[in-house]
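Everything numeric in this text was worked out from a predicted model, so none of it was measured. First the proteins, then the strands, lettered A, B, ... as listed; each starts at 1.
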Number of protein chains: 2
Amino acid sequence: MHSKQVGMEWRSACPVSCAMDVLGDKWSLLIIRDLLMFDTRTYSNFRESSEHISTNILAERLKRLTAMGVIERINPEATARNNAFQLTESGQALRPVVESIYVWADSHLRDFNPDTAAAI
Amino acid sequence: MHSKQVGMEWRSACPVSCAMDVLGDKWSLLIIRDLLMFDTRTYSNFRESSEHISTNILAERLKRLTAMGVIERINPEATARNNAFQLTESGQALRPVVESIYVWADSHLRDFNPDTAAAI
DNA sequence: CCGGATCCTTGTCGATACTG
DNA sequence: CAGTATCGACAAGGATCCGG
């Protein structure tokens, strides 16, 4: 699977920029976060997360992250009943990213959001 | 300076979510990247970066990142001639975030973008 | 010139209703 | 329950114009 096939366009060759082309939105890293915490998540599991993603955005992000090899379905031929996602090796390699973001926000965003808590 | 004062709304108390409320777009972390690389950047320096941000987006992001205490003007009373931004302590604390993103993209996005190079 | 505001077009987000 | 269709709201992006 290549970039052209998923309709991906890269703004530049910079890895950080490419990463933002894939993950640079408000939702993608929260999906990754959920999967880092719970290993597997269903469509409705994601919807239960406290940020309340809407169905079309969730479906699109799951599609994109799957296309980019970050997540995958546990069983590709699963029915709607038992259908869940997990991280690929690439997705698991995002753990340091999410953790460093967590650490940063936890120590530098407190002044702005008094509610910021360790609990997710 | 508090969240209400900058019109900030938080989707949840999760630090990762809060971080995405501040940095979760395609441009913010590229601005941080530039400042990590060059220490100080002017408005037009940012515009010269290879992703070609447009003026209105840049102005808005600089405003938001300033409001969130991530960047600051070197000299608040500078004229248009000598006017540049730098990272605050909070912004410099984002170095591990940008670096881990760089490392991830460099090793996991190559299959999708053959042009991904170490050079920024 | 440079920083930045404004206008305008296009694209994406997000809520909700709806379908298999 | 997973996913799609629709539509209004809003953000992105380009061009252009203004002030110092």
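Remark: B:W27 is in phosphate contact with D:dG13, judged by side-chain N or O atoms under 4.0 Å from OP1 or OP2. For D:dC1, neither phosphate oxygen OP1 nor OP2 lies less than 4.0 angstrom from any side-chain nitrogen or oxygen of A:T42. OP1 or OP2 of C:dT16 has not a single side-chain nitrogen or oxygen of A:S54 nearer than 4.0 Å.
For A:A59, whose side chain is taken as the heavy atoms from C-beta onward, the closest listed nucleotide among D:dT4, C:dG14, C:dG3 is D:dT4. Here C:dG3 is the nucleotide among D:dG3, D:dA12, C:dG3 with the atom lying nearest to any side-chain atom of B:N83.
Using a 4.0 Å heavy-atom criterion, one finds that B:D25 contacts no nucleic acid atom at all. Counting non-hydrogen atoms under 4.0 angstrom, A:R47 reaches nothing in the nucleic acid.
Contact annotation: side chain of B:N56 to base of D:dG13, donor-acceptor pair present below 3.5 Å. A donor and an acceptor atom sit less than 3.5 Å apart, one in the side chain of A:T55 and one in the base of D:dT4.
Rounded to an integer number of Å, the gap from CD1 of B:I57 to P of C:dT12 is 13 Å. Spacing between atom CG of B:D21 and atom P of C:dC13 amounts to 15 Å, rounded to whole angstrom units. Remark: C1' of C:dA5 and CZ of B:R61 are 16 Å apart, rounded to the nearest angstrom. Distance CD1 (A:I53) to P (C:dA15): 10 Å, rounded to an integer number of Å. The distance from atom CD of B:E48 to atom P of C:dC2 is 9 Å, rounded to the nearest whole Å. The interatomic distance linking B:H52 (NE2) with D:dA15 (C1') rounds to 16 Å, in whole Å. Per the geometry, NZ belonging to B:K26 stands 9 Å off P belonging to C:dC13, to the nearest Å. With rounding to whole Å, A:E51 atom CD is found 17 Å from C:dA15 atom C1'.
Between B:S90 atom OG and B:L65 atom CG the span is 9.5 Å, to the nearest 0.5 Å.
Residues A:F46 and A:L62 form a side-chain contact, since some pair of their non-hydrogen atoms from C-beta on lies under 4.5 Å apart.
B:R64 has no carboxylate O lying under 4.0 Å from a charged side-chain N of B:D21, or vice versa, which leaves the two without a salt bridge.
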Test A:R33 against A:E51 for salt bridge (Lys or Arg N to Asp or Glu O under 4.0 Å), laying out the working first. CA-CA 12 Å; A:R33 171 203 65 183; A:E51 293 86 12; 2.9 Å; yes

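A:R41 places no side-chain N or O within 3.5 Å of a backbone atom of A:D34 that could act as its donor or acceptor partner.
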